[in-house]
Protein chains: 2
Amino acid sequence: MSDAPVTLSQVAREAGVSLATASRAINGSATRSVREDLRARVLETARRLDYSPDPSAQAMARGRTTALGLVVHDIADPYFSTIAAGVARAAEREGLIVTLASTEHSPDRELAFVELARRQRSRAIILAGSRTTPPDAGAGSAPAETAALAEGRSREGRPRALESTLTAFQAAGGGVAVIGQAVGDLPVVEIDNVGGADSLARALHGIGYRRFGVLAGPPRLRTAADRTSGFLDTLAELGCPAPDRDVVHGAFTRDGGYEAMRELVSRSHIGTASGARADAPEVVFAVNDVMAVGAMAAVRDAGLSVPDDVAVAGFDDIHTLRDVTPALTTVRVPLEEVGEIATRMALGVELENVLVHTEVVLRESTRRDPPGRHPTYGMRATS
Amino acid sequence: MSDAPVTLSQVAREAGVSLATASRAINGSATRSVREDLRARVLETARRLDYSPDPSAQAMARGRTTALGLVVHDIADPYFSTIAAGVARAAEREGLIVTLASTEHSPDRELAFVELARRQRSRAIILAGSRTTPPDAGAGSAPAETAALAEGRSREGRPRALESTLTAFQAAGGGVAVIGQAVGDLPVVEIDNVGGADSLARALHGIGYRRFGVLAGPPRLRTAADRTSGFLDTLAELGCPAPDRDVVHGAFTRDGGYEAMRELVSRSHIGTASGARADAPEVVFAVNDVMAVGAMAAVRDAGLSVPDDVAVAGFDDIHTLRDVTPALTTVRVPLEEVGEIATRMALGVELENVLVHTEVVLRESTRRDPPGRHPTYGMRATS
DNA sequence: CTGTTAGCGCCTTCAG
DNA sequence: CTGAAGGCGCTAACAG
């Protein structure tokens, strides 16, 4: 029953042609042309023998694989899995195999995977997931350098190491695309985090909110920082700056949102019947949907209600989180499409950098008017 | 700036040893032993040159890759992405690269990916996602056969084709693990869907529910069918059989849950103030969390409330869906762990088939008592 | 247009 | 214990 895979030379022999001819027949060679009848014969016996080429062998001979590397922070996070779905679809269309790396938020691992992809001569590599700013953006820190050496890693700062590895990969003919925000001059599918947050602030202000809080995520995570600053800047511009007290940082996860909200609730005495402060936030912006869901849980656990005691808004519009109750106001990012675009870009199909626009979606979690029957609430407001 | 990857022979030359010695030094050969000083020298220059082996070349020489194939129905579905996270973690620990295939529910594509993995001599392959029963489990259908041929695919029925391809892969030395339910005699990480559904039925019955409905998913999907029948059988045993009318099928997705619930609501006049039927279901079991969330949205859109008008329960305990409001009663499946186990099993670390137990988690979506303050509600009931 | 011949980078018998 | 040589499956110059 066991059968060693059929090789090209077997096909060639069986078809009565040379190896080269068989190869040319099966995949049109650059300098193509094989007599029609021969080609047909080869193809036929290939099918009959159930032949299919060995990717490793092809990779060796051609000097490049058929693999597309996708590196994400955490594949279990719906943000990334949605992007991955887009990448998988586009990759299949291009006949590429996607190799997945879930770094679990470790920059070291991220770098290692990129190096692996490079070494493996992947056709292209897509980096999803926000960059982080270095802990000390200060002077050429000698201590950090020795630490890096001790770890046996690059002599440069991590971010630069990543960038230069990627650049080297690109120089060697590999395709690259980064998702989120730019890394050096590499091709990027940029997500308009600042613009989306700005629109959200305006939309919320537009429906009457005046006192805002923010669950800002990790301070050094670019995506989180951009969304936060976009929101805060607009708020200031609108004349409703959020006090520092009401901007709390936390992990970019459900639990992070939960904890941050808990902190905010106690800190600002939101809705506490006995001691609600007159200046407590009316609405809280969590910088991603997953955090927002955690935040809503915290509100509920505090015996309060969304949106009556505090409204909550998120960012991303994760499909599967779309209809939590109350339905979450958020900023829609077409994640699956982002994955597809990034793939095409990394493959050189798409040439120019793309800025993906986002769209505010107002739902019940930020409803202002007193609870009641508003079955038609939930229309979109374009940003 | 561009630098062609360093090869082993460069390292060897630089270190002043032969290629063979370098190879043996870097990866302890079977018949090992390299003089200590030489080995050190090789290792040192390898590090200095930033050498790392070319996976394709190794694959060719050794006859097997370092790749682990993971095929799922839809990577954007949290069920699969959670499993994928477990697989990714375990794979990294084993030094394997995971290649991801998202079949978008197409059995053809699934088969194609398995064949690719086999051809590529992947080290192992993990098949996640429920099998479907063939449309016609009847006699050796000639028409189906010609259709298959016309499609250029296997001569056997799809399911059998999959199984035999997998078996062949295994016979050729590849590791295999299937997640969900058994496929032939292949290693399997079986999920106790029937037992979980049974426990859920008992738990709901235990807190007083007597009239049940089921959003059953696609009839031919094994996982859905098992959960449905496990639930229904126990209900019958408990003396509260669910009428056929209250078992509605639909897609295994959020939208499927939404539509199915909408159908059920109108069909059974659940909670319709004017015409609620006395025998309308009090609680509805959606065979997975994603459907359950859709179902809750449908209930809400019908102007009804969960759990007051109808209670809703799901299955899986997707982390990110855990705290929708009201919090979802469900059956917990340790998905990430499942992914890890499957990986170890496919790699031959784990030897015996595993039956993964599930656990009922009662939360607010099936709370019976009148709404009020029950902040401590939500404890687990072990199954 | 087709066949022959080198390798691609690495592992692995075989001698030495 | 180490070095030389062959080959994995396929492609890409070269001849013919």
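Put simply, the side chain of Thr343(B) gets close to the backbone of Gly339(B): a donor and an acceptor are under 3.5 Å apart. Side-chain atoms of Arg41(A) come within 3.5 Å of backbone N or O of Ala15(A) as a donor-acceptor pair. Without hydrogens or angle criteria, Ser122(B) side chain to Arg118(B) main chain gives no donor-acceptor distance under 3.5 Å.
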Using residues 53-62 of chain B as the side-chain source, report each donor-acceptor pair under 3.5 Å to any protein atom, sequence neighbours left out, with the distance given to one decimal.
unit_1	atom_1	unit_2	atom_2	d
Asp54(B)	OD1	Ser56(B)	N	2.7
Asp54(B)	OD1	Ala57(B)	N	3.3
Gln58(B)	OE1	Arg62(B)	NH2	3.4

Step by step, would you call Thr167(B) with Ser164(B) a side-chain hydrogen bond (donor to acceptor under 3.5 Å, both in side chains)? CA-CA 5 Å; Thr167(B) 304; Ser164(B) 64; over 6 Å; no
Under 3.5 Å, N/O pairs linking protein and nucleotides 6-9 of chain D:
unit_1	atom_1	unit_2	atom_2	d
dC8(D)	O2	Met60(B)	O	3.4
dC8(D)	O2	Ala61(B)	N	3.4

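Regarding contacts with the backbone of dG3(D), a side-chain N or O of Ser18(B) is found under 4.0 angstrom from either OP1 or OP2. Listed pair Ser23(B) / dC10(C) fails the phosphate criterion, with no side-chain N or O lying under 4.0 Å from OP1 or OP2. Phosphate proximity of dG3(C) to Thr21(A): present, with a side-chain N or O under 4.0 Å from OP1 or OP2.
Regarding Arg39(A), its CZ atom lies at a distance of 13 Å from the C1' atom of dT2(C), rounded to whole Å. One can place CD of Gln120(A) at 15 Å from P of dG9(C), the figure rounded to the nearest angstrom. We find that CZ of Arg41(B) is positioned 12 Å from C1' of dT2(D), with the value rounded to whole Å. Distance, Arg24(B) CZ to dC10(C) C1': 13 Å, rounded to whole Å.
The only option from Thr103(B), Leu100(B), Ile179(B) that meets the side-chain contact (heavy atoms from CB on, under 4.5 Å) definition with Val72(B) turns out to be Leu100(B). Remark: of the listed residues Glu340(A), Glu94(A), Glu337(A), Glu340(A) is the sole one forming a salt bridge (charged side-chain N to carboxylate O under 4.0 Å, His left out) with Arg89(A).
Tyr51(A) carries Arg119(B) over the face of its six-membered ring, with the cationic atom under 6.0 Å from the centre and within 45° of the normal.
Axis angle across the helix from dC1(C)-dG16(D) to dG16(C)-dC1(D), with five pairs used at each end and values rounded to 10°: 40°.
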